[in-house]
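Read the structure below first, then the notes.
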Amino acid sequence: MLSDNLLNTFRRSLLNWYDSNKRDLPWRETQDAYKIWLSEIILQQTRVNQGLAYYNRFIQQFPNVQHLANSHEEEVLKLWQGLGYYSRARNIHATAKTIVSEYNGIFPTDYEEIIRLKGIGDYTAAAICSFSQNKPYAVVDGNVFRVLARIFNIDTAIDTTSGKKEFKILAQSLLDKNKAAVYNQAIMEFGALQCVPNNPDCENCIFNYSCSAFAENKVQYLPVKSKKTKVRERFFNYLVILDGSYCFIQKRTENDVWKNLYEFPLIETTQKIDFSELVLTDSFRAIFKNAGDIELLHNGFYTKHILSHQKIHAVFYTLKTFSTNISINRYEKTFFNKLANYPVSRLIEIYLESQKII
DNA sequence: AACCCGGGGAT
DNA sequence: ATCCCAGGGTT
């Protein structure tokens with residue numbers, strides 16, 4: 001148990017630091033739960049610098065929850081394009097509809113109600129409650145894990161159930177309950193700017209006399225994570241099938257990467273495969289009625305696409321044929337020059353850019 | 001508890 | 001290459 005004296009010193013130091021070091025960020029200028037919610041979803045696993053422009057575009061296009069609820073999911077995904085973790089976009093759209101239909105368009109104020117919404121977990125619920133209403137819920141994000149692990153020299157792995165629980169209890173005990181909003185902002189900002197993951201400037205840190213990890217020279221080893229990420233290799237063979245000024249696309253609907261985004265007809269293989277072998281596969285033959293009516297315009301465009309958990313080897317083949325030769329009608333026929341209107345993955349976007357299509 | 005879900009920047 | 005980012009959902 002920490003003494004009141006220590007607690008008060010910690011809080012006061014942190015808030016003082018924040019007051020003189022904080023960045024000007026638009027979501028800090030409002031208590032509108034809608035805007036705070038939107039900013040928090042955008043910032044999940046996303047750096048401020050990457051999310052900022054998206055936040056501004058979303059607020060401009062969807063100034064309130066009714067606008068978002070009245071939009072189409074595709075419009076939301078298109079605006080989200082390039083930000084990753086697209087379930088966030090699908091969820092904000094679904095949740096906007098829930099808020100309009102079940103909460104009369106007014107964002108719920110109760111933590112237990114908020115955390116029940118799609119795409120909102122304990123971090124985001126605490127953030128919304130504290131930032132919009134100053135309610136005493138401590139946020140625990142990657143910054144908070146790091147700051148607390150170091151100051152208190154805690155080597156419990158943060159990616160375990162027990163570790164999360166331990167840090168959450170500690171964070172809640174440290175929270176300045178009368179200043180929850182500014183305190184939560186402060187501890188996250190401190191982690192983002194001062195107590196950074198690599199080579200933090202501990203010599204110039206307000207806590208370098210009290211930081212337990214600094215005293216024991218363990219800063220660089222904290223926080224501890226137990227799991228290592230495994231990377232799966234995948235091989236995507238895309239068919240850019242042209243029929244005059246048309247081409248064919250499909251929507252990814254499986255529970256897989258890029259769900260509900262669009263792409264060209266895809267044949268996924270378990271290993272690298274040449275075009276001469278690709279045409280012999282059942283998947284390829286199932287697409288075309290008559291392989292003799294297909295013309296390969298040029299050799300494939302190769303690119304390697306790296307995600308957190310996947311390494312995708314992608315190749316795009318440009319084919320020419322007639323629509324009547326496409327035997328499967330699961331594909332959508334569209335103008336080639338309208339492709340830019342569809343929400344697509346960064347991988348597809350990179351291809352389109354390489355062909356100077358967008 | 002283990003696994004899945006993106007993209008980009010820093011090192 | 002590896003790590004991390006204002007995490008959450010599914011199995």
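All values reported here derive from a predicted model rather than from experimental measurement. Each chain gets a letter, A, B and so on, in the order the sequences are listed, and its residues count up from 1.
Considering only residues two or more places apart in sequence or on other chains, A/Glu332 meets the side chain to side chain contact (heavy atoms under 4.5 Å, CB included) condition with A/Ile249, A/Tyr262, A/Tyr342. Applying the side chain to side chain contact (heavy atoms under 4.5 Å, CB included) test to A/Pro136 and every residue at least two apart in sequence or in another chain returns A/Leu175, A/Lys177. Scored by the side chain to side chain contact (heavy atoms under 4.5 Å, CB included) test, A/Glu102 finds A/Thr98 as partners (sequence neighbours excluded). With sequence neighbours left out, A/Asn204 forms a side chain to side chain contact (heavy atoms under 4.5 Å, CB included) with A/Asp201.
In this entry the distance linking CD of A/Gln220 with P of C/dC3 reads 14 Å, nearest Å. One can place CZ of A/Arg90 at 16 Å from P of B/dC4, the figure rounded to the nearest angstrom. In this entry the distance linking NZ of A/Lys227 with P of B/dA1 reads 8 Å, nearest Å. Atom CD1 in A/Ile312 sits about 9 Å away from atom P in B/dG6, given to the nearest Å. A straight line from CG of A/Leu261 to C1' of B/dC5 spans 12 Å, rounded to a whole angstrom. Protein atom NZ of A/Lys259 is 11 Å distant from nucleotide atom P of B/dC5, rounded to whole Å. The separation between A/Asn260 atom CG and B/dC4 atom C1' is 16 Å, rounded to whole Å. Whole-Å rounding puts the A/Leu347 CG to B/dC5 P distance at 15 Å.
Residue A/Val139 is classed as having no contact, given no heavy-atom separation below 4.0 Å to the nucleic acid. Across all strands shown, A/Gly51 has no heavy atoms under 4.0 Å from either base or sugar-phosphate atoms. Nucleic acid contact for A/Asn49: none, since no nucleic acid atom lies under 4.0 Å from a heavy atom of the residue.
Aromatic ring pairs are classed by plane angle as parallel below 30°, tilted from 30° to 60° and perpendicular above 60°; the pair A/Phe264 and A/Tyr351 is perpendicular.
Rounded to whole Å, the separation between the C1' atoms of B/dG9 and C/dG8 comes to 23 Å. Using atom P as the reference point in both C/dA6 and B/dT11, the two lie 14 Å apart (nearest Å). Rounded to the nearest Å, the gap between the C1' atom of B/dG6 and that of C/dC3 is 15 Å.
Ring-centre distance between A/Tyr246 and A/Phe335: below the 6.0 Å cut-off.
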Contacts under 3.5 angstrom, residues 287-297 of chain A side chains, donor-acceptor by atom type, not counting sequence neighbours:
from     : atom 1 : to       : atom 2 : distance (Å)
A/Lys289 : NZ     : A/Thr324 : O      : 3.2
A/Asn290 : OD1    : A/Gly292 : N      : 2.9

With a 3.5 Å cut-off and sequence neighbours excluded, list the donor-acceptor pairs that the side chains of residues 30-38 of chain A form with protein atoms.
from    : atom 1 : to      : atom 2 : distance (Å)
A/Thr30 : OG1    : A/Asp32 : N      : 2.9
A/Asp32 : OD1    : A/Tyr34 : N      : 2.9
A/Tyr34 : OH     : A/Phe62 : O      : 2.6

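Contact record, A/Phe145 with A/Pro223: O-CB, 4.3 Å, taken as the closest heavy-atom pair.
Listed in residue order, the members of residues 153-169 of chain A having a heavy atom less than 4.0 Å from DNA chain B are A/Thr161.
Under 4.0 angstrom from either OP1 or OP2 of B/dG6 there lies no side-chain N or O belonging to A/Trp80. Put simply, A/His305 has a side-chain N or O that comes within less than 4.0 Å of OP1 or OP2 on B/dG7.
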Worksheet item: Tell me, for nucleotides 4-11 of chain C in 5' to 3' order, what letter each nucleotide earns: B for a base near a protein heavy atom under 4.0 Å, S for only sugar-phosphate near one, - for neither?
Response: BBBBSS--
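The side-chain hydrogen bond (donor to acceptor under 3.5 Å, both in side chains) pairs that include a residue from residues 6-21 of chain A are A/Tyr18-A/Arg28, where partners are two or more places apart or lie in different chains.
Mapping A/Lys230 and A/Arg346 onto DNA chain B via the closest heavy atom, the residue that lands nearer the 5' end is A/Lys230.
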